[in-house]
Amino acid sequence: MALSQLGQRYLKLFPSGCKILSCSMHKGPSDSPYWHKIFKDKNIRDFDEIPTVGPVFEEYKNFKIHEAYQRWIEVGHVVKELFPGGGCCIHVYHYEDFSTVYKNDGMFPLRKSHEVIARYRRDRPHLYNSVGLGPGMGAEWAHLRQMLPQGVGKNVYMPFRPQLEEVVDDFIDLVLAKLDENSEIELLPYLFRWAFESIGVITLNRRLDALSQVGNEEADNLIKAAHLANEIIFLSNVGDFEKQYERLIPSQDYFARVIMDYVAEAALEPEGSSLVSKLAREDRDYKDITTLILDLFQGAISTVPLTLTWALYQVSRHPEIQERARKELMELMPTKDALFYDTSLELKKQSLGIANYMQYTKAIIGETLRLIPPTIGNGRIISKNLVLGGYLVPAGNMVVMQSQAACRSNEYFERPLEFIPDRYINRAKYYQKGMVDIPFGLGIRSCVGRAFANAQMNLALSKILRNFEVSYYHEEVGVINRLHNEPDRPVLFRLKPTPQ
């Protein structure tokens, strides 16, 4: 497809580029920029005048860079991070600057990310037409992204609801079988297996046996390979790129080979209901299909299980929150074997029922994503000169919108470090200003799996809290960041099965 044709197609799919911003992040024409209160003369400052921080190489190596990002908000709403080998990155913390960056995304938003994956795929043109959704740029990225114009959303997710609920039920059974003598379990490894099994259902319409009671070595190895890739992506940005690339090759060879075999088998069913079959019927290039499916597996394995772990950790420390959620869920599921998705109802009634009954459970997820999101923020290489926080930032610079740090600032939230799900129900009481809690990003380059992730988190958290009282009796859990926010130690939950 020619570039001009691709552009016209994108304008039809996403007519405003970042239309959501017009309602959620709009600043009226009569409002002054926030930085006019900081710079009373209202003069725009030069790029060289931006406060500098770093280098902080040790915090990258120790997976504690999120702590540095949090400190820098005290330096200013705009800071310039200096790198050891030269170069810099601009970090912004104010919602008006977030808005400015997103509104100027253009048709093909640019970001510098996943370069080690890009190198791996460019070195193998016999397998890949493009570098993929994560590292892709410009029309190359857009060509792959438009294969799923609405993401892994309603049209992809809805037909598989019964199968996905079966997967969660199998996860619950596996957890029950694996509780130790103290009724404790480290849930996260099993949540990884659940996520792997679920994305297999969506993309391949196939069970991958990751939740077998006796284990599954192939599934475990694929999950390890996905986690290693995340770590390497993170370290390759700040360490020895060639060394990290050499680490990536064997694990990525294995991951790609097995997933590609899965895709090849699914493609043999042209009339099937899987995402692979759907894309094959649309006559998509086979290499593009495999690249997209690889990226979906890579993205789905980690982020949702980590968010659920943090949500369970928070409700284990706030039993009153947990009990309120369970009471709500018992109205939706009067017994533990009641269906979450009642597919006997017409679609409209199903959706309304879930939305009405799950208000507090969804608020728990929203508050978890605010306090401990999967990633610290979202980055862009800006394609035009922008005024951010009163400074002129030239085109070509990397700008990171530090949403996690902003979400922990009392400039935007009442009691920002407290876990208060009610802030997503009574927004007038707890919300202060701005739109900084955007864990999936905004615009046409927002997370392709957002709808799928939200649906999966709603389903799994509801089932877990309906089946178990969750508590935690060990040391406080901290955060490390290896591309995603992870617990710094095993999180052993004590699970007490609820009465029927």
Side-chain angles (χ1 to χ4, degrees), residues 157 160-227 258-259 262 297 300-313 315-316 322 325-326 329 333 335-341 361 365 452-453 455-474 477 486-487 489-500:
Y157 182 86
F160 291 100
R161 286 166 302 144
Q163 295 96 311
L164 291 168
E165 185 160 2
E166 287 178 9
V167 173
V168 176
D169 290 338
D170 289 348
F171 164 79
I172 297 293
D173 291 342
L174 180 61
V175 167
L176 273 169
K178 297 298 182 179
L179 293 175
D180 67 15
E181 63 275 11
N182 297 317
S183 294
E184 290 188 329
I185 188 171
E186 184 186 3
L187 270 182
L188 187 55
Y190 296 100
L191 284 168
F192 288 144
R193 289 164 62 177
W194 159 76
F196 177 80
E197 188 80 0
S198 297
I199 196 63
V201 167
I202 288 286
T203 58
L204 311 167
N205 192 22
R206 137 178 201 181
R207 293 294 298 266
L208 299 173
D209 207 25
L211 296 173
S212 167
Q213 296 276 349
V214 296
N216 182 317
E217 184 178 1
E218 180 176 83
D220 289 342
N221 288 337
L222 288 166
I223 292 167
K224 289 177 183 176
H227 293 158
V258 177
I259 301 298
Y262 291 163
F297 266 91
I301 288 174
S302 293
T303 52
V304 168
L306 287 167
T307 301
L308 286 171
T309 298
W310 289 120
L312 291 167
Y313 178 65
V315 300
S316 73
Q322 182 177 167
R326 187 173 296 107
L329 290 167
M333 298 179 285
T335 63
K336 289 196 290 187
D337 58 358
L339 291 175
F340 182 85
Y341 289 127
T361 307
I365 294 170
F452 177 67
Q456 286 291 90
M457 288 187 289
N458 291 336
L459 172 62
L461 184 61
S462 297
K463 285 279 189 172
I464 293 169
L465 294 181
R466 181 62 185 86
N467 279 272
F468 301 107
E469 295 177 15
V470 184
S471 52
Y472 180 79
Y473 296 101
H474 302 279
V477 179
E486 306 174 12
R489 68 196 66 222
V491 187
L492 289 170
F493 291 112
R494 184 169 297 177
L495 303 181
K496 178 183 177 181
T498 59
Q500 183 69 18

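If you read the sequence from its start, that first residue is 1, and numbering goes on from there. The figures that follow rest on heavy atoms only: side chains count, while hydrogens, waters and symmetry mates do not.
Atom CD1 of residue I464 and atom CG of residue L308 lie 6.0 Å apart, to the nearest 0.5 angstrom. Distance OG/S316 to CZ/F493: 5.5 Å, rounded to 0.5 Å. In this structure, CZ in F171 is found 5.0 Å from CG in L187, a value given to the nearest 0.5 Å. Here the straight-line distance linking atom CG of L465 with atom CG of L312 works out to 6.0 Å at 0.5 Å rounding. Taking CG of N205 as the reference point, atom CD of Q163 lies at 6.0 Å (rounded to 0.5 Å). Here CH2 of W194 is found 9.0 Å from CG of L164. Values are rounded to the nearest 0.5 Å.
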(request) Any chance you could lay out the side chain to side chain contact (heavy atoms under 4.5 Å, CB included) test for I185 and L492, step after step, and finish with the verdict? (result) CA-CA 5 Å; I185 188 171; L492 289 170; 5.9 Å; no
Could you give me the CA-CA distance, side-chain angles and deciding distance for F452 and V304, then say whether side chain to side chain contact (heavy atoms under 4.5 Å, CB included) is met? CA-CA 10 Å; F452 177 67; V304 168; 6.0 Å; no
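Contacts classified as salt bridge (Lys or Arg N to Asp or Glu O under 4.0 Å) and involving residues 174-202 (residues at least two apart or in different chains) are given here: E184-R494, E197-R207. For residues 172-192, the ring-ring contact (aromatic ring centres under 6.0 Å, His included) pairs, not counting sequence neighbours, are F192-H227.
Not a single donor-acceptor pair under 3.5 Å links the side chain of Q322 to the backbone N or O of E469. One N or O on the side chain of N216 and one on the backbone of D209 form a donor-acceptor pair closer than 3.5 Å.
Between A460 and V168, the shortest heavy-atom contact is CA-CG1, 4.3 Å. For P487 against W310, the heavy-atom pair with the smallest separation is N-CZ2, 3.4 Å. Residues L208 and G200 approach most closely at CD1-CA, 3.9 Å, considering heavy atoms. Residue S462 comes nearest to T361 through the heavy atom pair OG-CG2, 3.8 Å, listed as atom of the first residue, atom of the second, then distance. Looking at every heavy atom in both residues, Y472 comes nearest to P490 through OH-O, 4.5 Å. For the pair P305 and L188, the tightest heavy-atom approach, listed with the atom from each and the gap, is O-CD1, 3.7 Å.
Remark: the S198 side chain and the Q456 side chain contain an N/O donor-acceptor pair separated by less than 3.5 Å.
Considering only heavy atoms from C-beta on, N467 stays 4.5 Å or farther from P497 through its side chain. Side-chain contact between F160 and P162 is absent, with no heavy atoms from C-beta onward closer than 4.5 Å. With contacts defined as side-chain heavy-atom distances shorter than 4.5 Å, the pair Y313/V470 does not qualify.
With sequence neighbours excluded, the residues forming a side-chain contact (heavy atoms from CB on, under 4.5 Å) with Q500 are T335, K336, D337, listed by chain and number.
For the side-chain contact (heavy atoms from CB on, under 4.5 Å) criterion with F196, the lone passing option out of L191, I223, L211, V167 is I223.
Relative ring orientation between F297 and Y262 is described as tilted, the plane-to-plane angle lying within the 30° to 60° band. Using the six-membered ring where Trp is involved, Y157 and Y341 have ring planes that are perpendicular, over 60° apart on the 30 and 60° scheme.
Using a cut-off of 4.0 Å between Lys/Arg side-chain N and Asp/Glu carboxylate O, K463 and E165 are scored as salt-bridged.
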